[in-house]
Each structure stands twice: as structure tokens, then as C-alpha cells.
Q: 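Here it is, the structure, as C-alpha cells.
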Amino acid sequence: MACKWISQETFDAVVQENIEEFDIEPEEALNEAIQQFESQGVDLTNIIKAVRIQSEEGDSAPNHDVLTTLESLRNAVGTSSISSVSKLLVQFGDQCKQGMAHRYLAGQKSAYPVVLEAWKLCEGDKETLLNALYGMSSLTDGQPDLLENVGQELLIRTLQNYSKDAEVTLLAIRFARHVCLKHEQNRQSLVKAGILRHLTQAISQHGTDPDIVREACSALRIMTFDDDIRVPFGHAHDHAKMIVMENNGLKLLIEAAKGFTDNSAVLSELCSTVGRLCVRNEFCQDVVDLGGLNFMLALLADCIDHKELVKQVLSAIKTIAGNDDVKDAIVNSGGTYLVVLAMTRHLSNAQICDQGCAALAMLALRKPENCKVIMEGGGALAALQAMKAHPKDSSVQKQACMVIRNLVSRTCDFSQFILEMGAESLILQARSAHKDCDDVAKAALRDLGCKVELRELWTGQKGSLEH
């Protein structure tokens, strides 16, 4: 695995050296440099792999296109030329979207304060403001560390002042999403500044705009992530509670979903977000009480061919089934039949099999009555078929083992039927192929009545607390 890094200047210098010293064509010189660095274990992810443009005098141009535009933008901001700033922001945003290497180089050359000044310059001019948000959103995609206090204040102020404007709201939310992904401090700071209210308000106010609803849902989910490895403990759980309890998030999302029954992409985002917010037992029950369960089961039946939507509905069902009363509501509403149907229809899709098994495992947990319904509906067979279809997918194997284990842990009568389906050999294969399946596979084998070696990690025989 590559672990060495170089600067853009170093890479460009080697390309230029190849051209001048070995008298070869620019493209060949570029490929030589790439091969040279990669053979040395250098990570070129953040390097623009292109030859710099030469001026008529033979000297290098100021730099790559993105930096040339940045310099022009810096000059235009310095002279307060709104029309020039507006055009250059679009050009800069387009160049940043070419790839992470372009954004990274621009960020390294102080692009953020330049775009920030452009944003401050045009707060009252909608067209230029849109372009500033576009440029800022493009620059910060994958670079959330660039955001600072002034940018946070501008973002909140823009969402406040332009709350009724769909275009500005969309780009502002996209910018918020970029600076919050994998950045806990930005999330916490923006939540304190009131961004959750603005995100939920955007769905309420622009509930018929599919782009805004999708973007806002994605941003809300990111506020519940715990994905910043630099922070030992995040506020994901607290943020989810705030979205539900202080901003009426679950009701808002479930009501919004009813307006997009013919748009599977938006429904996928909404269902995924509902699932992320169900972090407490009572929230799971709220989904049922608000009609969300019936709505999702209807989606599963009516949109069975839409793979992404099916996956998200199954994930949401698995989550809300953490509540024992909701388990019963799902089973009594025919949910197990629909889960099995979805898995059978999309047996070749590992993600759907994974989420389907996870949902069945949760529905069976501590519920012998539900286990009977799942068995009668073909749930055990569907789980074993998923294992056969995806032998290399550890998550599918693990969740399927969990289904089998939960089905027989309190209802041993099912063991013989499941063993006759070939469960033992499949579970043994999963245990052998995937180390992270070992514990649940052993538990499944044990509860099926199969011979399994259960190693005692500690017996308490050695040593004593007495001195």
C-alpha cells in the first residue's frame, strides 16, 4: 500500500525534467513520471496528472488551469469586479469538479479565503451568490477542514436570508453536506448555530422539489454520522434526537415521502434518513404511529423492482424492529413475507440479501411467535440461498448465520427442518472463510444441535484475588 507523498511542484518538475533532458513528447514524459513515482510507492491521489501549459516564451504558465483561474479570481475580488468574479467562480467550480487533485491543489494555494471573499462581496447579488456557493461547494468536496468561523456564519446567514429561494437553498445545503462529512467539529458547530432547523425547514418549505429533499435528507443523515476518526466520541446520537424531538423530523420525512410515490430516488433518501433517526425505542414506535411502517411496506410491495429503494426500506425495517412491539407490528402486517419476497427477487444483489437477512434476524430475536411466521414464509430458506449466492460476502454470511441462530435459539423444533436444507455445511463454510463470522456461526451450530468446539477463554481457575 502506498504511503509516500509528494507535492504537485515535485511531480511537475519531474515531468518537465523528462521533457527537457530526455527530449521526449509531453504525454510520454507524463506517463514516465507516473510510472516512476508509483514504482516507488508514492500515492498520486492528490496529484494532477497533466502537463503544465507552456507560454509562447517557453516558460511555464503560472500553473495548472485551476490555479490560473484562481489567480484571476483573486485579482477580480481585489478590484470588486462583480461580473468578472461571477464568471470566474463558475469556471473555478467546474475545474474543481474535475477531481480531488484539482480541489486539493487549489486548497493548498489558499483558494478558500479567495472564494470566501467573493461570497462576502456578492451576498446581495443572487446570481453571483449562486456561483460563489457553487465554487465553495466544489472546493470543499472532500476537504471539510477548509471551513472556518466566517464561512459557518455566512452559510447560516445565507440559509436564513434565502430560505424561500430554492436555487440558493439547494447549493447552500450541498455546501453544508460537504463540510460536515467526516468532520465532527464542523457538525457540532453548525448544529449549535441552528442548521438542523434550516435543513428540516427546507424540506417543509420546498417539499415538492426532489433535488432539495434529497440534498436535505443526505445532509441530515450526515449530521448523525460518527465517521471522523480524529474524534473518539461524536454527537451523532444527540443530533439524531434533536432532529426528531426539536425539529419534528420523523413526521416531516414521512409526510414528505407521500408526495414522491413515483420517485424511487427521493423515496430511497427519505427511507434511509428515517432509519438513521430511529436511535431510541420510542422513535421506532413513532414511525409506526405516524404511518411510516405501512407506507414502507406498501413501497416494498409496489416498488419491488427498484433495488436501491428496496435496500433502504429493508434497512429501515431492520432498524425500527429494534423495538419489540414494532417487531410484532411488522410481522402482523405481512412484513416478513415482503422481506423474503425482496430477497428472493434480488438474490444476486448482495446488499439486498444482507439487509434482508439483518431484518429477518431482528424480527426473530427473542420472538418465538415471529420465528414460526418467518419459517412458514420461507425465511430460513431465503437466508440459506443468500449464503449460497454470496459465499465471499462476509456480511451476508454473518447476517444469514444470525437469522438461523435466532430462529432456533428459543424454538428447537425448527432445527431439523433447517438442517435438512443444508444449513450445517453452509455455516461451516462461512466460519472457515470469514473470521468475523466465527462467533455467530458457532452459536448457530450450537443452537442447531451440531457438534461444535466451544473454547473457554477463561475458567477462573488460575490466580486468586486473595493475597
Side-chain angles (χ1 to χ4, degrees), residues 268 271-272 275-276 296-297 299-300 303-322 327 330-331 335-367 370-371 373-409 414-415 417-448 450 452:
S268 295
C271 290
S272 178
R276 288 293 307 184
M296 287 192 289
L297 292 178
L299 283 180
L300 207 51
C303 306
I304 195 73
D305 292 323
H306 294 274
K307 295 180 182 179
E308 182 61 28
L309 178 56
V310 168
K311 183 185 77 172
Q312 298 301 345
V313 171
L314 290 176
S315 178
I317 288 174
K318 170 201 69 179
T319 302
I320 64 175
K327 282 183 177 67
I330 294 170
V331 172
T336 53
Y337 165 77
L338 292 170
V339 172
V340 172
L341 177 63
M343 291 175 63
T344 305
R345 179 70 65 91
H346 302 288
L347 192 59
S348 62
N349 187 298
Q351 292 180 319
I352 289 178
C353 287
D354 179 31
Q355 294 301 325
C357 284
L360 290 176
M362 188 62 76
L363 290 170
L365 184 64
R366 300 187 302 270
K367 288 285 186 177
N370 293 353
C371 292
V373 177
I374 292 170
M375 284 295 296
E376 292 173 350
L381 180 60
L384 295 174
Q385 287 176 330
M387 293 182 80
K388 287 182 184 178
H390 305 283
K392 295 181 180 180
D393 192 303
S394 63
S395 186
V396 171
Q397 298 295 313
K398 188 175 182 179
Q399 293 298 338
C401 287
M402 189 69 76
V403 174
I404 302 304
R405 192 262 173 184
N406 289 353
L407 284 173
V408 298
S409 64
F414 300 143
S415 296
F417 295 107
I418 293 174
L419 286 170
E420 289 172 0
M421 296 177 193
E424 184 175 8
S425 62
L426 287 169
I427 296 170
L428 286 170
Q429 288 171 25
R431 184 184 176 191
S432 174
H434 305 285
K435 187 175 291 186
D436 58 342
C437 289
D438 192 55
D439 288 343
V440 66
K442 284 193 292 188
L445 290 169
R446 178 199 65 207
D447 291 345
L448 280 167
C450 301
V452 58

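Values below: every heavy atom of this structure, side chains too, minus hydrogens, waters and symmetry copies.
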Q: Once salt bridge (charged side-chain N to carboxylate O under 4.0 Å, His left out) is applied, do any residues pair with Asp436, and if so which ones, sequence neighbours excluded?
A: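 In terms of salt bridge (charged side-chain N to carboxylate O under 4.0 Å, His left out), with neighbours along the sequence ignored, Asp436 is linked to no residue.
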Q: What is the minimum heavy-atom distance between Ala342 and Leu314, and which atoms define it?
A: CB-CD1, 4.4 Å
Q: Taking only residues two or more places apart in sequence or in another chain, which ones pass side chain to side chain contact (heavy atoms under 4.5 Å, CB included) with Glu376?
A: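 Applying side chain to side chain contact (heavy atoms under 4.5 Å, CB included) to Glu376 gives Lys372.
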Q: I'd like to check the side chain to side chain contact (heavy atoms under 4.5 Å, CB included) partners of Asp438; sequence neighbours left out, ordered by chain and number.
A: Arg431, Lys442
Q: If we only count heavy atoms from C-beta on, is the Cys303 to Val310 side-chain gap below 4.5 Å?
A: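 No. Closest side-chain heavy atoms not under 4.5 Å.
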Q: Sequence neighbours left out, what pairs pass side chain to side chain donor-acceptor pair (under 3.5 Å) with at least one residue falling in residues 388-406?
A: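 Only Asp354-Ser395, Arg405-Asp447 qualify under side chain to side chain donor-acceptor pair (under 3.5 Å).
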Q: Under the side chain to side chain donor-acceptor pair (under 3.5 Å) rule, collect the residues that match up with His434, sequence neighbours excluded.
A: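 Side chain to side chain donor-acceptor pair (under 3.5 Å) check on His434 returns nothing, list empty.
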Q: Check salt bridge (charged side-chain N to carboxylate O under 4.0 Å, His left out) between Glu424 and all other residues, then give those that pass, not counting sequence neighbours.
A: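 None.
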Q: Return the minimal non-hydrogen interatomic distance between Val396 and Ala386, and the atom names on each side.
A: CG1-O, 3.7 Å
Q: Not counting sequence neighbours, which residues clear side chain to side chain contact (heavy atoms under 4.5 Å, CB included) with Thr336? List them please.
A: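 With neighbours one apart ignored, the set is Val331, Leu363, Val373, Ile374.
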Q: Under 6.0 Å from the CZ atom of Phe414, do we count more than 12 heavy atoms belonging to anything else shown?
A: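 Count over threshold, so yes.
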Q: Should Leu299 and His306 be marked as a side chain to side chain contact (heavy atoms under 4.5 Å, CB included) after you check the CA-CA gap, both sets of side-chain angles, and the distance that decides it?
A: CA-CA 10 Å; Leu299 283 180; His306 294 274; over 6 Å; no
Q: With rounding to the nearest 0.5 angstrom, report the CG to CG distance, Leu365 to Leu360.
A: 12.5 Å
Q: Filter on salt bridge (Lys or Arg N to Asp or Glu O under 4.0 Å), then keep only pairs touching residues 311-322, sequence neighbours left out; what's left?
A: Glu308-Lys311
Q: To the nearest 0.5 Å, how far apart are CE in Met387 and CD1 in Ile427?
A: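 Going from CE on Met387 over to CD1 on Ile427, the span is 5.5 Å.
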Q: Search all heavy atoms of Ala321 against all heavy atoms of Lys327 and return the closest pair with its distance.
A: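 So the minimum-distance heavy-atom pair works out to O-NZ, 2.8 Å.
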Q: Does Leu297 have any side chain to side chain contact (heavy atoms under 4.5 Å, CB included) partners at least two apart in sequence or in another chain, and if so, which?
A: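 For Leu297 the side chain to side chain contact (heavy atoms under 4.5 Å, CB included) partners, ignoring immediate neighbours, are Leu293, Ile317, Ser333, Leu338.
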Q: Any side chain to side chain donor-acceptor pair (under 3.5 Å) involving residues 339-350? Give me the pairs, sequence neighbours left out, ordered by first then second residue.
A: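 Residue pairs with at least one partner in residues 339-350: Asp305-Arg345.
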Q: With heavy-atom distances below 4.5 Å as the criterion, would you say the side chains of Met343 and Cys357 are in contact?
A: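 Side-chain contact under 4.5 Å: yes.
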Q: Nearest 0.5 Å, please: how far is OG in Ser415 from CG in Leu448?
A: 5.0 Å
Q: Between Leu384 and Val403, is there a side-chain heavy-atom distance shorter than 4.5 Å?
A: no
Q: Can you name the salt bridge (charged side-chain N to carboxylate O under 4.0 Å, His left out) partners of Lys367, sequence neighbours left out?
A: Asp328
Q: Rounded to the nearest 0.5 Å, what separation is found between the OG atom of Ser315 and the CD1 atom of Ile320?
A: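 The OG atom of Ser315 sits 10.5 Å away from the CD1 atom of Ile320.
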Q: Please name the pair of heavy atoms, one in Ala382 and one in Val340, separated by the smallest distance, quoted to 0.1 Å.
A: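 The pair with the smallest heavy-atom distance is CB-CG1, 4.1 Å.
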